[in-house]
Protein chains: 2
Amino acid sequence: MTVTSRDVAQLAGVSQPTVSRALRDDPRVSEATKERVRKAAERLGYVPSDAGRALSSGRTRRIGLLLTDLENQFYPHIIAPAFQQLESRGYQLMLHTEAADNDVVAERLISNGLDGVILATSTIDSVVPLRLRDRGLPFVYFNRTSAAVRADSAVVDPTEGMGEAAQVLFERGHRRIAAILGPANTSTAINREIALREALAQHGISIPAHYVHRGPFDTATGQAGTERFLNMPEPPTAIVCGNDVVAFGALNAARSAGADVPSDVSIVGFDDLPAASWPIIRLTTISYDLDAMVRRAADLLIERIESPSRPVEESAFQSRLVMRDTLGRID
Amino acid sequence: MTVTSRDVAQLAGVSQPTVSRALRDDPRVSEATKERVRKAAERLGYVPSDAGRALSSGRTRRIGLLLTDLENQFYPHIIAPAFQQLESRGYQLMLHTEAADNDVVAERLISNGLDGVILATSTIDSVVPLRLRDRGLPFVYFNRTSAAVRADSAVVDPTEGMGEAAQVLFERGHRRIAAILGPANTSTAINREIALREALAQHGISIPAHYVHRGPFDTATGQAGTERFLNMPEPPTAIVCGNDVVAFGALNAARSAGADVPSDVSIVGFDDLPAASWPIIRLTTISYDLDAMVRRAADLLIERIESPSRPVEESAFQSRLVMRDTLGRID
DNA sequence: CTATTATAGACATACGTATGCAACAACGAG
DNA sequence: CTCGTTGTTGCATACGTATGTCTATAATAG
């Protein structure tokens with residue numbers, strides 16, 4: 001039924017191993033034979049079997065990307081550049097989305113014969129990195145890291161962005177500043193909170209406990225937090241959000257409550273997703289080079305696969321504030 | 001290095017085939033032996049090799065989803081339910097994004113040892129369906145179909161939705177109606193255009209050529225089309241868009257041009273993406289059960305895989321208008 | 001007590017490719 | 001004329017699992 005390298009070998013009048021080598025452009029095969037083999041392969045419509053190749057070579061040239069919650073607008077923007085970068089280096093991307101982060105997930109990653117894994121949604125207490133390390137399966141942290149195992153990583157450094165945001169908030173007269181932060185077990189939420197608090201502290205501003213809302217990085221969290229804040233007797237004048245998706249939820253809540261942004265309340269995001277710059281949104285947010293970060297993660301992983309003993313490389317990307325229309329002035 | 005079924009067999013004191021059967025709960029193995037094997041597997045941390053399994057059984061339980069343009073907001077909403085549905089039926093999803101639609105793509109799909117493919121971005125002149133059919137690799141059309149090969153499909157029937165939209169547009173006094181349509185080589189663009197024109201014709205309205213703009217299903221198209229329309233000496237009072245993403249672009253263009261929606265121009269979308277119902281957007285659009293459609297596509301494919309000789313099933317999903325705030329009344 | 005059958009497991013082999021090693025031819029140097 | 005060298009190909013085998021067939025043991029019937 002299916003055409004194998006043996007069939008090609010027979011037609012070309014060579015042995016099966018020669019076909020294998022010829023089609024991968026092995027220098028040990030003469031140009032004349034290569035040409036003959038290619039012709040034969042073409043004529044039979046031969047397509048090498050990934051399974052056979054994987055079994056024999058022990059490598060699949062396949063890399064997993066582990067995500068939770070694909071519905072979140074943030075992740076599609078990772079997938080596309082990851083795909084491209086891996087492809088340009090001869091690897092394929094295999095998407096894995098899992099609600100939980102447990103042993104079953106780790107097993108699935110391992111059994112799939114992946115050459116490596118990009119972990120994009122690790123929590124600081126994830127078990128997956130441990131399992132992967134035990135198996136010797138290379139991986140890289142993207143965006144978030146886990147405390148359990150040290151590994152190559154590509155993350156954002158929120159310091160500059162939060163610094164600029166704090167500066168502008170202060171200059172524009174904001175003193176009552178609230179924050180809608182991500183889950184406490186994610187490195188991103190922790191780092192952004194620290195960066196924000198330190199930056200505000202430089203202007204003598206602190207965020208009281210009742211001005212802090214925590215939850216998953218989704219619109220519902222932004223919505224819930226903003227509703228809570230707006231209903232307070234003394235609402236904040238500005239809300240800094242853990243990311244853009246949360247900020248979109250905040251904008252929605254403000255609109256629903258009849259509060260004008262930015263004259264009633266200012267909102268700041270983080271990530272600068274494409275939608276943030278849409279004329280109907282114009283979100284003031286903190287930006288960084290997401291595509292470059294994805295590409296870096298892919299590169300780090302491939303280098304790790306190809307030379308496993310390299311020193312660990314932790315790569316941080318600068319961030320900066322992008323002023324648009326959702327951060328106003330207090331008179 | 002890696003633990004194989006042979007290692008487990010040795011530890012459990014049985015043969016390798018018995019391990020294979022025991023772990024897959026084959027009735028030919030006694031419960032006592034199964035238990036012993038499971039214990040041994042657990043103790044060694046055995047994880048079966050996908051490649052070995054694929055090579056031996058000829059099946060991978062892996063299904064490809066072929067997309068172009070992951071950046072488009074529409075597609076992530078397909079991926080998540082597809083993932084879930086396939087997983088619940090014991091299959092894994094393998095994402096393939098390709099800019100083009102050519103032989104190379106088909107070859108990649110074939111070599112990957114997929115059990116089947118979901119084609120989500122076929123054009124009517126796609127070559128991939130031909131190649132897959134020649135190879136005997138099962139596939140299903142999702143959303144769009146191709147004329148070249150008949151196959152199972154799950155698509156939207158735009159008739160009712162467009163009918164309701166035309167009705168409301170007419171009742172609210174719109175007579176100059178424009179359309180921003182998708183690429184002419186996609187079945188979705190064609191079907192929606194036909195449905196729209198027929199529905200408007202019932203009210204004696206036709207869309208003149210200069211009120212038609214065509215382009216890819218993205219925000220840029222919506223933006224460009226709307227700019228063009230708004231600059232006309234006699235601009236349309238309403239714009240029907242090929243999908244929501246296009247409509248978002250139209251909203252952006254209107255905002256940039258200082259045109260109020262809906263008092264200056266009305267906008268109608270198609271798909272009812274989650275963002276369409278956001279308070280800051282509130283897009284009037286045509287809705288259908290996208291998740292069910294995805295699940296249907298997955299089910300059709302799996303059934304095709306498991307019984308290849310079934311008759312072809314073409315599944316169409318009803319659509320309906322969802323009124324929100326972007327379709328106004330002409331006084 | 002023997003013949004028959006059911007049951008559980010072993011044995012052999014297949015799947016398709018990659019790779020170390022041996023074989024061979026052609027050739028030039030000594 | 002011999003020997004080493006270089007370049008090209010074939011041979012043998014490994015990768016890890018699944019499955020058809022065969023065998024040993026136990027259970028059952030006559």
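Here is the naming used below: chain letters follow the sequence lines, and residue numbers restart at 1 for every chain.
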* Is B/Glu42 atom CD crowded by more than 12 heavy atoms from other residues, nucleotides or ligands, each under 6.0 Å away? -> no

* Asked: For A/Asp103, which residues count as a salt bridge (Lys or Arg N to Asp or Glu O under 4.0 Å) partner, sequence neighbours excluded?
  -> A/Arg131

* Atom-to-atom span, CD of B/Glu31 to P of C/dT7 - whole angstrom -> 16 Å

* Asked: Do B/Leu65 and B/Met94 pass the side-chain contact (heavy atoms from CB on, under 4.5 Å) test, and can you show the C-alpha distance, the side-chain angles, and the key distance before you say yes or no?
  -> CA-CA 6 Å; B/Leu65 173 59; B/Met94 182 128 191; over 6 Å; no

* Mind running a 4.0 Å heavy-atom check of residues 46-63 of chain B against DNA chain C and sending the residues that fall below it, in number order? => B/Leu55, B/Ser56

* To do: Consider the side chain of B/Ser5, meaning its heavy atoms from C-beta on, and name the nucleotide among D/dT17, D/dT19, C/dT17 that approaches it most closely.
  => D/dT17

* **Value in whole Å for how far the P atom of C/dA18 lies from CD of A/Gln16** => 8 Å

* Closest-nucleotide 5' rank along DNA chain D - winner of A/Arg6 and A/Pro27 -> A/Pro27

* To do: Select base, sugar-phosphate, or nothing to describe what A/Thr4 touches, counting heavy atoms under 4.0 Å on all strands.
  => sugar-phosphate

* What's the closest nucleotide to the A/Arg28 side chain, out of C/dA18, C/dA22, C/dA10? -> C/dA22

* **Value in whole Å for how far the P atom of C/dT17 lies from CG of A/Asp7** => 9 Å

* Would you indicate what A/Val19 reaches in the nucleic acid, counting non-hydrogen atoms under 4.0 angstrom: base, sugar-phosphate, or nothing? => nothing

* Check the distance between C/dT7's C1' and B/Asp26's CG and give it to me in whole angstrom. => 13 Å

* Is any side-chain N of the basic residue among B/Arg61 and B/Asp115 closer than 4.0 Å to the acidic one's carboxylate O? -> no

* Look at A/Arg38 together with A/Glu31 and state whether they make a salt bridge at an N to O cut-off of under 4.0 Å. => yes

* Please tell me which of the listed nucleotides, D/dT19, C/dT19, C/dA8, lies nearest to the side chain of B/Ser30? => C/dA8

* Structure fact -> Taken in chain and number order and not counting sequence neighbours, the residues that satisfy side-chain hydrogen bond (donor to acceptor under 3.5 Å, both in side chains) with A/Gln85 are A/Asp299

* Asked: Looking for any heavy atom pair under 4.0 Å, which part of the strands does A/Arg21 touch: base, sugar-phosphate only, or nothing?
  -> base

